[in-house]
2 protein chains.
Amino acid sequence: MTTRIQRRNRRRILEAALDVFSAQGFRGATLDQIAGVAGLSKPNLLYYFDSKEAMHRALLDDLLDIWLAPLRAMNPDGNGREEILAYMRRKLQMSRELPRESRLFANEVLQGAPRLADQISGDLKRLVDDQAVVIRRWISMGQIAAVDPYHLIFSIWALTQHYADFDAQIRLIRDGADPMDGADGFLETLFDKLLQP
Amino acid sequence: MTTRIQRRNRRRILEAALDVFSAQGFRGATLDQIAGVAGLSKPNLLYYFDSKEAMHRALLDDLLDIWLAPLRAMNPDGNGREEILAYMRRKLQMSRELPRESRLFANEVLQGAPRLADQISGDLKRLVDDQAVVIRRWISMGQIAAVDPYHLIFSIWALTQHYADFDAQIRLIRDGADPMDGADGFLETLFDKLLQP
DNA sequence: CGGCACCTTGACTGGTTGGTCAGGTCTGCT
DNA sequence: AGCAGACCTGACCAACCAGTCAAGGTGCCG
């Protein structure tokens with residue numbers, strides 16, 4: 001039985017933990033920081049979560065579903081070019097709206113994905129393999145150019161996530177302007193040309 | 001005056017520090033780990049470097065020069081398409097040969113580039129601004145398609161560094177195969193099509 | 001081969017951090 | 001109102017970690 005207070009505080013804690021973990025990495029984050037952001041005492045954090053590790057795991061568990069949704073939403077019966085472009089747009093939108101989640105994921109994979117290995121080689125791999133088959137069919141139907149489906153997917157990840165993960169760098173180079181300014185149009189053109197049969 | 005032993009040990013320490021910092025991030029790394037990898041005692045590390053911070057800074061100072069070299073090597077008087085493709089190839093080669101450096105950089109930028117802000121907004125920004133001018137000239141000369149120079153450069157960074165930084169993820173998806181297998185050809189095609197006037 | 005500067009380390013310190021606990025406070029229900 | 005259970009916290013602990021130091025070892029020069 002979960003109470004109203006439990007729901008509110010768990011949400012607050014995860015929100016704060018996302019802030020801190022995504023900005024400092026797992027080892028860089030401290031419970032005191034998270035407690036400060038959440039506006040709760042440190043022992044209170046540990047009343048709701050067994051350990052720092054448990055908070056991190058809770059975030060990662062939610063994350064993969066969110067992360068995979070745009071790829072999962074690709075319609076095998078749709079037009080190849082349209083579907084892939086729409087996927088890219090959804091993914092870019094996620095970088096814009098959920099940059100902290102992107103950085104949490106990046107931090108984790110950068111360090112060898114110790115806590116995500118199972119899910120990546122399970123759910124994620126299965127989904128990517130499936131969509132690779134779909135992309136190959138679009139190729140054989142002549143809807144898009146013959147490109148390696150895996151590298152195509154990786155390139156969408158790389159280009160969209162880069163704007164969230166390397167935000168600090170881009171911002172410094174572009175004098176603080178919104179890093180994603182013009183990104184939509186650029187990526188649209190890029191993938192449009194790449195997929196042109 | 002630097003002795004033979006000093007040179008050897010400094011090199012050993014920085015080598016070990018690169019291993020550990022790139023895999024664990026700054027806060028995640030401990031002097032004991034670095035000492036272990038270097039095969040030296042912890043106090044001995046601190047005989048050669050004033051602090052953990054100093055080791056990290058020494059690595060970062062070397063890094064930016066290495067990192068910028070491929071972009072700097074672009075020849076303004078060459079053919080636009082050839083020059084940009086060659087730049088992309090050099091950058092991809094660096095991801096292959098120096099993945100630890102790539103991850104060290106990624107770790108740093110991901111956490112807001114606290115120790116690199118000056119160099120990024122200084123040297124790096126200047127270089128990028130200069131090369132953007134060169135790229136615009138190539139565009140006006142009709143050598144390459146009209147694309148935003150900044151996003152073009154970002155896309156090269158994103159696509160090449162992704163193979164080093166997200167190595168763990170790609171490896172899990174591709175059943176442990178070399179993540180960069182086929183990347184050369186894919187990126188060649190991608191940028192060739194993008195730059196086609 | 002003697003001496004001096006350079007090199008190395010075991011043992012220690014002070015500060016930080018994840019986590020515990022005993023006891024107090026609040027909330028919702030009857 | 002009164003009480004049971006949920007919620008909260010100050011004080012504390014053990015482990016860890018960057019950095020110190022005094023004392024001994026080593027390489028190199030005359």
Side-chain angles (χ1 to χ4, degrees), chain A residues 1-61 104 107-108 110-112 114-116, chain B residues 1-61 104 107-108 110-112 114-116:
Chain A
M1 192 35 201
T2 70
T3 69
R4 187 175 46 84
I5 294 179
Q6 259 170 46
R7 273 192 300 277
R8 172 173 54 90
N9 283 353
R10 265 190 227 274
R11 195 149 7 116
R12 262 198 210 173
I13 292 170
L14 288 179
E15 177 70 17
L18 177 58
D19 251 39
V20 178
F21 282 136
S22 69
Q24 321 265 9
F26 180 75
R27 293 231 23 198
T30 72
L31 290 180
D32 286 300
Q33 280 178 300
I34 298 174
V37 174
L40 298 171
S41 70
K42 184 170 63 165
N44 207 5
L45 258 57
L46 292 161
Y47 174 77
Y48 288 101
F49 291 89
D50 286 346
S51 63
K52 181 184 177 185
E53 181 79 33
M55 289 175 214
H56 197 249
R57 202 168 23 244
L59 284 172
L60 288 185
D61 284 348
L104 182 71
N107 257 308
E108 199 55 20
L110 243 185
Q111 325 223 330
R115 308 157 218 272
L116 271 178
Chain B
M1 190 34 202
T2 70
T3 69
R4 186 175 46 83
I5 294 179
Q6 257 170 46
R7 273 191 300 279
R8 172 171 55 89
N9 282 354
R10 265 191 227 274
R11 193 147 10 108
R12 262 197 209 175
I13 292 170
L14 287 179
E15 178 69 19
L18 177 58
D19 251 39
V20 178
F21 282 137
S22 69
Q24 320 265 8
F26 180 75
R27 291 228 26 198
T30 72
L31 290 180
D32 285 299
Q33 280 178 300
I34 298 174
V37 174
L40 298 171
S41 70
K42 184 172 61 166
N44 208 4
L45 257 57
L46 293 161
Y47 174 78
Y48 289 102
F49 290 89
D50 286 345
S51 63
K52 182 184 175 184
E53 181 79 33
M55 290 174 212
H56 197 248
R57 202 169 23 247
L59 285 173
L60 288 185
D61 284 348
L104 182 71
N107 258 307
E108 200 55 20
L110 201 52
Q111 324 223 331
R115 309 157 216 273
L116 272 178

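- For the pair B:M55 CE and D:dG19 C1', the computed distance is 10 Å after rounding to whole Å.
- Here B:L14 contributes atom CG and B:Y48 contributes atom OH; the two are 12.5 Å apart, rounded to the nearest 0.5 Å.
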key: Test log, rule salt bridge (Lys or Arg N to Asp or Glu O under 4.0 Å), inputs A:E53 and A:R57   = CA-CA 6 Å; A:E53 181 79 33; A:R57 202 168 23 244; 3.7 Å; yes
query = Using a cut-off of 4.0 Å between protein heavy atoms and nucleotide atoms, how would you tag nucleotides 17-30 of chain C 5' to 3' with B, S and -?
reply = SBBBB------S--
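- Relative to the ring axis of A:F26, B:R27 does not place its NZ or CZ within 45° and under 6.0 Å from the centre.
- Rounded to an integer number of Å, the gap from CD1 of B:I13 to C1' of C:dT8 is 12 Å.
- Proximity of B:T3 to the phosphate of D:dG27: no side-chain N or O atom is located under 4.0 Å from OP1 or OP2.
- Atom CG of B:N44 is separated from atom C1' of D:dC21 by 14 Å (rounded to the nearest Å).
- Listed pair B:Q6 / C:dC7 meets the phosphate criterion, a side-chain N or O lying under 4.0 Å from OP1 or OP2.
- For B:N9, a side-chain nitrogen or oxygen approaches OP1 or OP2 of C:dT8 to under 4.0 Å.
- For B:Q33 and D:dC16, the CD to P distance is 13 Å, given to the nearest whole Å.
- Following rounding to the nearest Å, B:F49 (CZ) and D:dA18 (C1') show an atom-to-atom distance of 16 Å.
- Residue B:Y47 places no side-chain N or O under 4.0 Å from the OP1 or OP2 atom of C:dT8.
- Within a 6.0 Å radius of CG in B:D50, other residues, nucleotides and ligands contribute 12 heavy atoms or fewer.
- Formation of a donor-acceptor pair under 3.5 Å by the B:K42 side chain with backbone atoms of B:Q33 is not found in this model.
- Here the CG atom belonging to B:L18 is positioned 5.5 Å from the CG atom belonging to B:L59, to the nearest 0.5 angstrom.
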